[in-house]
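Start at 1 and go down the list; that is how both ligands and their atoms are numbered.
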Amino acid sequence: MSLAFECSCGATKWQVAQPETGTHLVCYCADCQTFPRHLGADILTGCGGTDLFQVAPAQVTFTRGEDNLRLLKLSPKGLSRWYTGCCNTPVANTLASAKLPFVSLMTAAHKGEAKALGPVRAHVNTVYARGPGKPARDSGLRRVMWDFARRLLAERLSGRWQQTPFFAPPDWAPVAEPEILTPQERNRARP
Ligand SMILES: [Zn+2]
Ligand SMILES: [Zn+2]
């Protein structure tokens, strides 16, 4: 079984294998809100959350429009935030190096039944959540950290970290040139 994802214009499609090993969570941090706001993408939950699905990069395969991948950083040392250049659909966050194999996919682009993502296991950075129905406190962070560490170690030890659509050999540079927001651009898009 795999999950199907698609950008809003349909030019870019990607799949996630073995979704049963993924971690489903919602992050409310200001940076996760700034990213789609800068793109003009309407993906946030009513409380300012970004619904995320974390897996190993080797589980992600682009089946169409892989060349549309674009890379944005909110600051020089920020997370690598990927989106599609065709229609500004947020795709995923990764760390800056392929050798730290981690991908956090935005589920707004998921096509199919929401239950295929499994239950939400964690709500993190809820101090930035807003509006009625927002979670009162963080939950599940330990689960997220454990899954992150377990996955990273397994991918490194197996060599599977080299299977990634976001970085390319021989030097494992990102497949798109990072665009780094100026402080002014970042402030303009902040929640
Ligand atoms: Zn598109
Ligand atoms: Zn976040």
Side-chain angles (χ1 to χ4, degrees), residues 3-16 22-55 60-96 100 102-112 117 120-131 134-135 137-149 151-152 165-166 175-176 178-181 186-187 189-191:
L3 302 178
F5 291 73
E6 188 177 328
C7 69
S8 55
C9 81
T12 317
K13 295 185 179 188
W14 55 108
Q15 286 182 349
V16 174
T23 310
H24 190 191
L25 72 153
V26 182
C27 183
Y28 299 86
C29 84
D31 284 352
C32 281
Q33 297 187 50
T34 301
F35 174 49
R37 286 167 60 98
H38 174 77
L39 295 176
D42 183 19
I43 65 162
L44 296 175
T45 69
C47 304
T50 302
D51 198 275
L52 297 166
F53 194 69
Q54 299 184 342
V55 295
V60 182
T61 313
F62 280 78
T63 55
R64 187 172 176 186
E66 192 164 3
D67 292 349
N68 294 327
L69 268 179
R70 299 286 180 276
L71 172 54
L72 187 80
K73 291 185 176 215
L74 303 185
S75 64
K77 291 191 171 167
L79 271 184
S80 296
R81 296 178 185 271
W82 299 86
Y83 67 98
T84 65
C86 46
C87 60
N88 281 7
T89 295
V91 173
N93 301 326
T94 69
L95 298 174
L100 295 171
F102 164 79
V103 58
S104 193
L105 295 149
M106 287 84 205
T107 67
H110 173 235
K111 298 289 157 197
L117 299 162
V120 173
R121 303 286 186 182
H123 292 269
V124 299
N125 298 308
T126 55
V127 64
Y128 298 100
R130 55 183 153 71
K134 74 184 175 86
R137 63 186 69 81
D138 282 18
S139 60
L141 183 60
R142 203 172 298 177
R143 165 73 175 258
V144 173
M145 296 302 288
W146 167 247
D147 282 358
F148 168 79
R151 201 174 282 130
L152 194 130
F166 303 102
V175 297
E179 177 198 347
I180 300 168
L181 291 191
R186 187 168 71 244
N187 289 336
R190 280 187 94 78

| Residues Arg190, Asp31: salt bridge by 4.0 Å N-O rule |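 Yes, Arg190 and Asp31 are salt-bridged.
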| task | May I ask you to check whether over 12 heavy atoms, not counting those of Asn187, lie within 6.0 Å of atom CG? | result |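 Counting neighbours around CG of Asn187, more than 12 heavy atoms of other residues, nucleotides or ligands fall under 6.0 Å, so yes.
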| Over 12 non-hydrogen atoms of neighbours within 6.0 angstrom of NZ in Lys111 |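 Counting other residues, nucleotides and ligands, NZ of Lys111 exceeds 12 neighbours.
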| What is the ring orientation for Phe166 with Phe62, classed by angle as parallel under 30°, tilted 30 to 60°, or perpendicular over 60°? |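 Correct class here is perpendicular.
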| request: Indicate the ring-plane relationship of Tyr28 and His123, choosing parallel, tilted or perpendicular according to the 30° and 60° boundaries. | output: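 Tyr28 and His123: parallel rings.
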| task | Output, by chain and residue number, all protein N/O/S atoms separated from the Zn ion (ligand 1) by less than 2.8 Å. | result |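 The answer is Cys7 SG, Cys9 SG, Cys86 SG, Cys87 SG.
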| query | Taking atom types as modelled and ignoring hydrogens, do the side chains of His24 and Asp51 form a donor-acceptor contact shorter than 3.5 angstrom? | reply |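 Yes - a donor-acceptor pair under 3.5 Å links their side chains.
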